[in-house]
Enquirer: 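Got a structure for you, written out below as structure tokens; questions coming shortly.
So that the names make sense, note that chain A is the first sequence line, chain B the second, and so on, each numbered from 1. No hydrogens, no waters, no symmetry mates; every other heavy atom, side chains included, goes into these values.
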Amino acid sequence: MRISLQVNGQPVQAEVEPRLLLVTFLRERLGLTGSHLGCDTGQCGACTVHLDGRAVKSCLVLAAQADGRSILTIEGVASGETLHPVQQAFRDRHALQCGFCTPGMVMTALDLVEHLEQPDDDAIRQGLSGNLCRCTGYRPIIDAVVDAIRARQAGG
Amino acid sequence: MFPFDYIRPASVTEAIAAHGQGEEPRYLAGGQSLLGALKLRLAAPSTLIDLARLAELRGIRRDGACWVVGAGITHAEMAVGVEIPALAALAGSIGDLQVRNMGTLGGALANNDPAGDHAAGALGLGAEIRTDRRVIPADNFFLGMFETALEPDEVIVEVSYPLPCRAGYAKLRNPASGYPVVGVFVAQTGGEAGVRVAVTGAGACVFRLPEFEAALEREFSPAALAGLSVPAGDLNRDLHATAEYRAHLIGVLAGRAVAAS
Ligand SMILES: Cc1cc2nc3c(=O)[nH]c(=O)nc-3n(C[C@H](O)[C@H](O)[C@H](O)COP(=O)(O)OP(=O)(O)OC[C@H]3O[C@@H](n4cnc5c(N)ncnc54)[C@H](O)[C@@H]3O)c2cc1C
Ligand code: FES
Ligand code: FES
């Protein structure tokens, strides 16, 4: 079937098999390998992208379901060489080690930073519960999200 | 996944017509349960009929003494869109952020997972499940494990929840899956229906506890539940919890749900 969608602001059209997963479409057809396939069962969050502005697991979405909609992947987050404030906060807080979980973490963090009114530790932990990290112990990631929410508040 | 066709009808009527034509058609909403099942090859539908964007399933509104929520409303939308605090909190506690952004009320009810959160909310509040062809009271909707009163081509359109005087939901999550090991929804409805207590996670599907309801009707407080217990007999037992532990949790969580309401 034919799908047409926006990916990181660019129009994309493609012929896909209905059973093709969005994560496979992004990685193998568009070469956007920043979204990682960790578990393929919806548990780890490494494949997280935004669908019409909300974080979803792209291993649990068909490319066909994204037809006519807008996708943001980790590749579309920075502006040129300038990191997005959420990426910068991850960098400042050393919120990554091996980096495998990081693209998914950043995409979930972006959704949280946009929707959480206050930097509340419990709400951030709950919000990140769909993303697994085997390296950091999570504390620096939570700190990065707190920083990013504060930066957003300060920025108005 | 085995191969399948995918179509996105423009209306519920078109969806049902498409269902009539396929060999083994299946509705798709958020895909958060169905796609996992397809990956495990637990099902091999010939066609997926995507309901997620149908405008008819996307309403959410106050209607007199009820909140009416469209089947296509996501858990995340419900968490901020429905003014029954216990129900909003229940929707906001399902799975994780990403699952709540895709998964829908209709998909959760139709799936009827033995540990589904929405089943407890719908049965606890005495909701009505409105389909394309009839109205099914929650008391008659949940029939068994992954089994509901829906006919194969029947579409849930919306769910009407009566506003309770007070309601609360308490659960113990399985730390790995996030699903409730046991969850208890308690509601005092004000009308003749009195108090309703619905338990998820503990049996083949959600069920009510008449003895607990009677005790809470006499006195709506956690203390009123002292001395009541549920026999472990038919309850679920698995590697996460014995039936006896689940029976114990029901008492504890019912008390917490009352206290939270
Ligand atoms: C990692 C993870 C964690 C989760 N944790 C929880 C949890 O803690 N608690 C919980 O309750 N759930 C949990 N879920 C399940 C989640 O709530 C799903 O969203 C829900 O069970 C199914 O909704 P869906 O919209 O994704 O439906 P789908 O997966 O698209 O469909 C499910 C079933 O419903 C049918 N269907 C869908 N819409 C309709 C309709 N309108 N009318 C008739 N039939 C319909 C489909 O044909 C299919 O059989 C979790 C899922 C994942 C992946
Ligand atoms: S790869 Fe999608 S959640 Fe793990
Ligand atoms: S940084 Fe290695 S998994 Fe998170």
Side-chain angles (χ1 to χ4, degrees), chain A residues 1-3 16-24 35 37 39-69 104-105 107-117 122-132 145, chain B residues 1-8 10 22 25-53 58 72-77 79-80 89 92-104 107 173-179:
Chain A
M1 62 178 289
R2 190 140 192 91
I3 58 171
V16 299
E17 231 196 306
R19 65 174 163 168
L20 184 71
L21 293 172
L22 179 59
V23 66
T24 317
S35 309
L37 190 62
C39 65
D40 200 13
T41 56
Q43 308 293 321
C44 76
C47 64
T48 302
V49 302
H50 287 201
L51 175 66
D52 288 344
R54 296 304 309 254
V56 301
K57 292 171 178 169
S58 62
C59 75
L60 280 185
V61 179
L62 299 172
Q65 287 174 286
D67 177 39
R69 303 177 78 170
M105 282 287 182
M107 297 315 289
T108 302
L110 279 169
D111 186 319
L112 278 178
V113 168
E114 212 160 292
H115 292 97
L116 274 185
E117 308 263 309
D122 279 349
I124 295 171
R125 280 175 191 279
Q126 227 285 305
L128 292 172
S129 68
N131 292 73
L132 301 181
V145 176
Chain B
M1 283 189 270
F2 292 112
F4 47 77
D5 290 332
Y6 168 94
I7 52 169
R8 204 163 52 240
R26 192 78 181 261
Y27 294 127
L28 172 72
Q32 301 300 288
S33 293
L34 186 54
L35 293 182
L38 296 188
K39 287 183 187 193
L40 293 170
R41 297 191 162 181
L42 295 176
S46 54
T47 310
L48 292 189
I49 305 167
D50 190 348
L51 307 175
R53 286 183 242 181
R58 298 273 312 142
I73 293 293
T74 63
H75 310 322
E77 289 168 331
V80 296
S93 77
I94 292 174
D96 54 53
L97 181 79
Q98 296 97 312
V99 168
R100 293 194 294 274
N101 283 339
M102 275 308 277
T104 66
R173 286 167 185 274
N174 176 322
S177 76
Y179 277 90

Enquirer: Measure across G45(A) and Q98(B) and return the closest heavy-atom pair with its distance rounded to 0.1 Å.
Expert: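 Taking every non-hydrogen atom into account, CA-NE2, 4.2 Å.
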
Enquirer: Nearest 0.5 angstrom please: L51(A) CG to M102(B) CE, how far?
Expert: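 Spacing of CG (L51(A)) from CE (M102(B)) equals 6.0 Å.
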
Enquirer: L128(A) versus chain B, heavy atoms under 4.5 Å apart: side chain, backbone, both or neither?
Expert: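 Neither part.
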
Enquirer: If you define the side chain from C-beta out and look only at heavy atoms, does anything of K39(B) sit under 4.5 Å from T41(A)?
Expert: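 A side-chain contact under 4.5 Å is absent here.
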
Enquirer: Heavy atoms only: give me the nearest Q126(A)-G95(B) pair and the separation to one decimal.
Expert: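 Heavy atoms only, the tightest pair is NE2-O, 4.4 Å.
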
Enquirer: Using heavy-atom distances under 4.5 Å, tell me whether S129(A) contacts chain B through its side chain, its backbone, both, or neither.
Expert: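 Both backbone and side chain.
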
Enquirer: Give the member of Q65(A), M107(A), E17(A) that has the highest number of heavy-atom pairs under 4.5 Å with chain B.
Expert: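 Of the options given, most contacts go to Q65(A).
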
Enquirer: What distance separates F4(B) CZ from R19(A) CZ, expressed to the nearest 0.5 Å?
Expert: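 It is 8.0 Å, given to the nearest 0.5 Å.
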
Enquirer: Side chain, backbone, both or neither: which part of V99(B) has a non-hydrogen atom closer than 4.5 Å to chain A?
Expert: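 Answer is side chain: those atoms of V99(B) sit under 4.5 Å from chain A.
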
Enquirer: Can you list the residues of residues 25-38 of chain B that sit under 4.5 Å from chain A, counting heavy atoms only?
Expert: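 At a heavy-atom separation under 4.5 Å, chain A is reached by L28(B), A29(B), G30(B), G31(B), Q32(B), L35(B), G36(B).
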
Enquirer: R54(A): what forms a side-chain contact (heavy atoms from CB on, under 4.5 Å) with it, not counting sequence neighbours?
Expert: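 In terms of side-chain contact (heavy atoms from CB on, under 4.5 Å), with neighbours along the sequence ignored, R54(A) is linked to D111(A), H115(A), L97(B), N101(B).
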
Enquirer: Can you check whether M1(A) reaches R8(B) side chain to side chain, under 4.5 Å on heavy atoms?
Expert: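 Of all side-chain heavy-atom pairs linking R8(B) with M1(A), none is under 4.5 Å.
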
Enquirer: Between V61(A), D67(A), L112(A), which has the largest tally of heavy atom pairs under 4.5 Å with chain B?
Expert: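 That would be D67(A).
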
